[in-house]
Amino acid sequence: MESRKFVLLDIDYITEGDKAVIRMFGRLEGDEEGQSIIVLDKNFKPYIYVLPLDPEQCMADLNEFDIEMVGWVRINYLGEMKDFLKVTLHHPQDVPKLRDKIRNLGSVKDILEHDIPFYRRYLIDKNIFPMGQVLVNGKCVDSASISFSCDTDVCIFELEGKPKQVESGFPDLKTLSFDIEVRNPKGMPQAEEDPIIMMSLSSNQGLKKVLSTKSSDLEFVETLKTEAHIIQRFFEIVRSENPDILLGYNSDNFDMPYIRDRAAKLNVKPNLGVDGSGIKFMRRGYANSALVKGRIHVDLYLLMRRYLQLDRYTLERVYKELFDEAKEDVPGDEIYQYWDEGGEKLKKLFEYSLDDAVAVTKIAEKMLPLSMELTRIVGQPFFDIARMATGQMVEWYLIRKAHEIGDMVPNKPSSSQYSERRGKKAAGGYVKDPVKGLHENIVSFDFRSLYPSIIISKNVSPDTLVLECDDDDCYTAPEVGHKFLKKPIGFVPSIIGNILEERVRLKTAMKMAENPREKQVLDVQQQALKRLANSMYGVYGYSRFRWYRIECAEAVTAWGRDFIKKTMEKAENFGFKAIYADTDGFYATFVDQETESE
DNA sequence: GACTGGCGGGG
DNA sequence: GTGTACGCCAGTC
């Protein structure tokens, strides 16, 4: 048996025969450092939990289905130990096929953990983390024996036993940014008519290139015969550069679909993936995403919307915000004129095109570390994390933690529960409208992590919420009166507690660190934890969340209002006068008593 | 106010 | 794919 150590980049599953096979895409460490690896695991089965009404009947009913196996397990479900039937199925797609039938059985009360995608289930159950190092035992297999095509220098490895997470530092990854220009004389580009005239590439290892059908004396321009050749050459470069991360700007919605459409029209095979596959498009509600197997396609536009607070999110605007430098711009509707005119204008267009790709590389260098760290903490693929709202990350973090301590994961709300929840809204933080005028002698006060602190100190959690209890045994929220047991420590409070403790540890380490690179890494890590801790309050108030509980949301904000008001009163007793307050802090002027009495 | 429809980015 | 999910603002009544 051999072993391999690799950075886990991405994960999915394929079907061989009637069996699901997990594929982990990675970058090898050690002897064959830098080589791509695909690790196969053929021994992971999907499962769901069934909460029975009539245990014996339920067991009998379940055995009527074509399932792998079924057995009893005792699991903590929102503060109560309950007996569940763990139903193991043959294939992930049996889950959606069978779950409604099972749920509707008369002997069944509810089904749980039936909507966790197979690859996510794998990461959680095996306790491994994308962007971290994983150690596997097993053997290399011949590329002839696998059901997908693959470049010859990719190591295919069949795993035996369990993958193991290895403590590791920040991985050094290869990124490749790309951008396309289109000749669209009227309106927005239409893939049916308007050809791609340039494709730009920029890597974090120095590659700078513009592919085009026109030539130039600019050294970064490579001229090709036709548009089809440009696209083909683009795919070729991606494969030979073999980046871990592919970067674009609004590429989920523009560049990738456009490349797909033009490639299809011109009969060019889009074999961008590590496994030789093309670009896969997925509808995620309102948004689309473009996926390239084994490389992580990241659309920076989505990330920038999340991380920066701006009026607009054009590439120029974001670049200016981060680097305080203007970027040369060619207006979109004039690109075809620059192209047609040639000469200096064309040269400018080449420069602009490359500049866009280079800007994306620069932005990524600054902004990706935070997402990478969130990936390592939340433990879901980078591709998903780059498209997830923080609230969703919190949820997946909690799902992992629930599994870790053996708690059942609550279901997502049904559509009727969702619409019922949407009608309710917890009152927000206390706001005192600002006193108009120009104030002097201003002091400011704010609570550090107000809501996370309340959740911890008042043990606010769905599993500690009770209707009745002795005052000595519980905390009672002001105004709303919700009660929370003092013991045991609730699920969410214990997790926020761990996050905050870990953050304190990192901040201490950061202060002690002498190496600036190390300091920077620790700083990103503590920022990621801060984001998670601060978003955790949201799980109680957002209608779509599994741990939603309006009473918890109401209690947290009620205590918040209580604290800020009491603090303001105390400050006023000392001669301060509050002039503005919002949620977790206030501004006050100091009124000098002696001056005033004169 | 309560509700609906459109839009963001990209060329 | 153990799919189908935003959040804001302008315009209308």
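Letters A, B, ... mirror the listed sequences (proteins, then strands); counts begin at 1.
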Please work out which residues in residues 98-115 of chain A have a non-hydrogen atom less than 4.0 Å from an atom of DNA chain C and list them by number.
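Residues of residues 98-115 of chain A that come under 4.0 Å of DNA chain C are, in numerical order, A:Arg99, A:Glu113, A:His114, A:Asp115.
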In residues 355-364 of chain A, which ones come under 4.0 Å of DNA chain C, going by heavy atoms?
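Those residues: none at all.
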If we count only N and O atoms by modelled type, under 3.5 Å, do the side chains of A:Tyr47 and A:Asp125 hold a donor and an acceptor together?
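Present: a donor and an acceptor within the cut-off.
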May I ask you to decide whether [X] forms a salt bridge with [Y], counting only side-chain N to carboxylate O separations under 4.0 Å?
{"X": "A:Arg317", "Y": "A:Glu321", "value": "yes"}
{"X": "A:Arg23", "Y": "A:Asp12", "value": "yes"}
{"X": "A:Asp115", "Y": "A:Arg99", "value": "no"}

Can you spot which of A:Leu302, A:Val318, A:Asp255 makes a side chain to side chain contact (heavy atoms under 4.5 Å, CB included) with A:Tyr249?
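Going through the options one by one, the only one that passes is A:Val318.
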For A:Ile102, the option from A:Val95, A:Leu62, A:Asp61 that meets side chain to side chain contact (heavy atoms under 4.5 Å, CB included)
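Among A:Val95, A:Leu62, A:Asp61, the one meeting side chain to side chain contact (heavy atoms under 4.5 Å, CB included) with A:Ile102 is A:Leu62.
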Verify the contact: side-chain N or O of A:Lys412 to OP1 or OP2 of C:dT4, cut-off strictly under 4.0 Å; return yes or no.
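The answer is yes; a side-chain N or O of A:Lys412 sits under 4.0 Å from OP1 or OP2.
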So, is A:Tyr122 near the phosphate of C:dT2, with a side-chain N or O under 4.0 Å from OP1 or OP2?
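Negative; the distance criterion is not met.
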Rounded to whole angstrom units, what separation is found between the [atom1] atom of [X] and the [atom2] atom of [N]?
{"X": "A:Asn288", "N": "C:dC6", "atom1": "CG", "atom2": "C1'", "answer": "13 Å"}
{"X": "A:Gln392", "N": "C:dT4", "atom1": "CD", "atom2": "C1'", "answer": "13 Å"}
{"X": "A:Asn411", "N": "C:dT2", "atom1": "CG", "atom2": "P", "answer": "16 Å"}
{"X": "A:Arg120", "N": "C:dG3", "atom1": "CZ", "atom2": "C1'", "answer": "10 Å"}
{"X": "A:Asp384", "N": "C:dG1", "atom1": "CG", "atom2": "P", "answer": "8 Å"}

Looking only at non-hydrogen atoms, find the nearest pair between [X] and [Y] and report the distance.
{"X": "A:Asp179", "Y": "A:Glu181", "answer": "OD2-OE2, 2.8 Å"}
{"X": "A:Ser251", "Y": "A:Asp299", "answer": "N-OD2, 3.1 Å"}
{"X": "A:Pro46", "Y": "A:Phe118", "answer": "N-CE1, 3.5 Å"}

Once rounded to the nearest 0.5 Å, what's the spacing between atom NZ of A:Lys82 and atom CD1 of A:Ile75?
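Output value for this atom pair is 12.0 Å.
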So [X], base contact, sugar-phosphate only, or nothing? Heavy-atom distance under 4.0 Å.
{"X": "A:Tyr352", "answer": "sugar-phosphate"}
{"X": "A:Ile335", "answer": "sugar-phosphate"}
{"X": "A:Gln93", "answer": "base"}
{"X": "A:Leu315", "answer": "sugar-phosphate"}
{"X": "A:Lys186", "answer": "nothing"}
{"X": "A:Gly248", "answer": "nothing"}
{"X": "A:Leu302", "answer": "nothing"}
{"X": "A:Pro46", "answer": "base"}
{"X": "A:Tyr13", "answer": "sugar-phosphate"}
{"X": "A:Met304", "answer": "nothing"}

Taking heavy atoms of chain A and a 4.0 Å limit, find me the 5'-most and 3'-most nucleotide of DNA chain B within that range.
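Contact span on the strand: B:dG8 to B:dG11.
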For A:Arg305 and for A:Val182, find the nucleotide of DNA chain B with the closest heavy atom, then tell me which residue's nucleotide is more 5'.
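Final value for this comparison: A:Arg305.
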Gap in Å between the two P atoms, one belonging to C:dG1 and one to C:dA5, rounded:
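Pairwise P distance, C:dG1 against C:dA5, rounds to 14 Å.
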When the C1' atoms of B:dG11 and C:dT4 are compared, how many Å lie between them, rounded to an integer?
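My reading of the C1' atoms in C:dT4 and B:dG11 gives 29 Å.
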For A:Gln337, which residues count as a side-chain contact (heavy atoms from CB on, under 4.5 Å) partner, sequence neighbours excluded?
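For A:Gln337, the residues satisfying side-chain contact (heavy atoms from CB on, under 4.5 Å) (neighbours in sequence not counted) are A:Glu334.
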Check side-chain contact (heavy atoms from CB on, under 4.5 Å) between A:Leu78 and all other residues, then give those that pass, not counting sequence neighbours.
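Once residues adjacent in sequence are excluded, the partners of A:Leu78 under the side-chain contact (heavy atoms from CB on, under 4.5 Å) criterion are A:Pro410, A:Pro462, A:Arg549.
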Using the salt bridge (charged side-chain N to carboxylate O under 4.0 Å, His left out) rule, collect all pairs that involve residues 385-397 of chain A, keeping only residues at least two apart or in two chains.
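Of all non-adjacent pairs touching residues 385-397 of chain A, those that pass salt bridge (charged side-chain N to carboxylate O under 4.0 Å, His left out) are A:Asp252-A:Arg387, A:Glu395-A:Arg546.
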